[in-house]
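This chain uses plain numbering: 1 for the first residue, then up along the sequence.
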Amino acid sequence: MGTYDLLKQAMNVSATRSQLISSNIANVNTANYKTKSVDFENQLNKAIGSNGFSLATTNKRHLQASDLVTPTIKTNSDTSVKENGNNVDLDVEMMNQATNGLYYSALVSQLNGRYQMMNYVLNH
């Protein structure tokens, strides 16, 4: 998986995460609603940590184009914050939204830096 593909996928995951967090916040008073979240980073860490790559690389931790890291949406049904069965904690969701915004901004900065470097190489 190339760097640009990984950045693109991470940005898509961040957008999905933002939608899920917004949905969680919108359903703060819905009876029996359970929060949803995206699991991407754990799967990415597993892919990087595994040593079973089939193609030769310069480093055993490099991801191959064939390595698929697919995000999954999880529903947290283990807890209940309110008496009506709802487990949305507004403070946690607002913190998650702020964290996700910073994560997305960092990804955009990485992508912009790579494009600037490519532009410099092409023009000089």
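Asn100 and Ile21 make their closest contact through CB-CD1, 4.5 Å (heavy atoms, listed as atom of the first residue, atom of the second, distance). The two residues Val38 and Pro71 come nearest to each other via the heavy atoms CG1-CB, 3.8 Å. Nearest heavy-atom pair, Asn24 versus Glu93, reported as atom, atom and distance to 0.1 Å: ND2-OE1, 3.2 Å. Residues Ser22 and Gln97 share a closest heavy-atom pair of OG-NE2, 3.3 Å. Across all their heavy atoms, Asn27 and Asn86 have their closest contact at O-ND2, 2.9 Å.
At a threshold of 4.5 Å between non-hydrogen side-chain atoms, the residues Tyr103 and Thr99 do not count as touching. When side chains are defined from C-beta on, Ile25 does not count as touching Val88, because their heavy atoms never get closer than 4.5 Å. When side chains are defined from C-beta on, Met11 counts as touching Leu111, because their heavy atoms get closer than 4.5 Å.
With hydrophobic clusters built from ILVMFWY side chains whose heavy atoms lie under 4.5 angstrom apart, Val92 does not share a cluster with Val28. Residues Val108 and Val13 fall within the same hydrophobic cluster, defined by Ile, Leu, Val, Met, Phe, Trp and Tyr side chains chained together at heavy-atom separations under 4.5 Å.
Ser14 places no side-chain N or O within 3.5 Å of a backbone atom of Ala10 that could act as its donor or acceptor partner. In this structure, Asn96 contributes its side chain and Ser37 its backbone to no donor-acceptor pair below 3.5 Å. The main-chain N or O of Leu7 is never found under 3.5 Å from a side-chain atom of Asp5 such that the two would form a donor-acceptor pair. Judged by distance alone, the side chain of Lys82 and the main-chain N or O of Thr30 form no donor-acceptor pair under 3.5 Å. Asn76 places no side-chain N or O within 3.5 Å of a backbone atom of Thr35 that could act as its donor or acceptor partner.
Separation of atoms CD (Glu41) and CZ (Arg17) is listed at 4.5 Å; rounding is to 0.5 Å. A distance of 9.0 Å separates CE in Met94 from CG in Asp91, rounded to the nearest 0.5 Å. Taking CD from Gln116 and CE from Met118, the interatomic distance works out to 11.5 Å, rounded to the nearest 0.5 Å. A distance of 11.5 Å separates CG in Asn32 from OG in Ser77, rounded to the nearest 0.5 Å. Taken from NZ in Lys74 to CG in Asp39, the straight-line distance is 4.0 Å, to the nearest 0.5 Å. Atom CD of Gln19 is separated from atom CD1 of Ile73 by 9.0 Å, given to the nearest 0.5 angstrom.
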> Step by step, would you call Tyr4 with Gln9 a side chain to side chain contact (heavy atoms under 4.5 Å, CB included)?
Replying inline: CA-CA 8 Å; Tyr4 292 102; Gln9 188 174 17; over 6 Å; no

> Where do Tyr33 and Asn84 land on the side-chain hydrogen bond (donor to acceptor under 3.5 Å, both in side chains) test, with the steps shown first?
Replying inline: CA-CA 9 Å; Tyr33 180 83; Asn84 66 358; over 6 Å; no

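Aromatic pair Tyr120/Tyr115: centroids not less than 6.0 angstrom apart.
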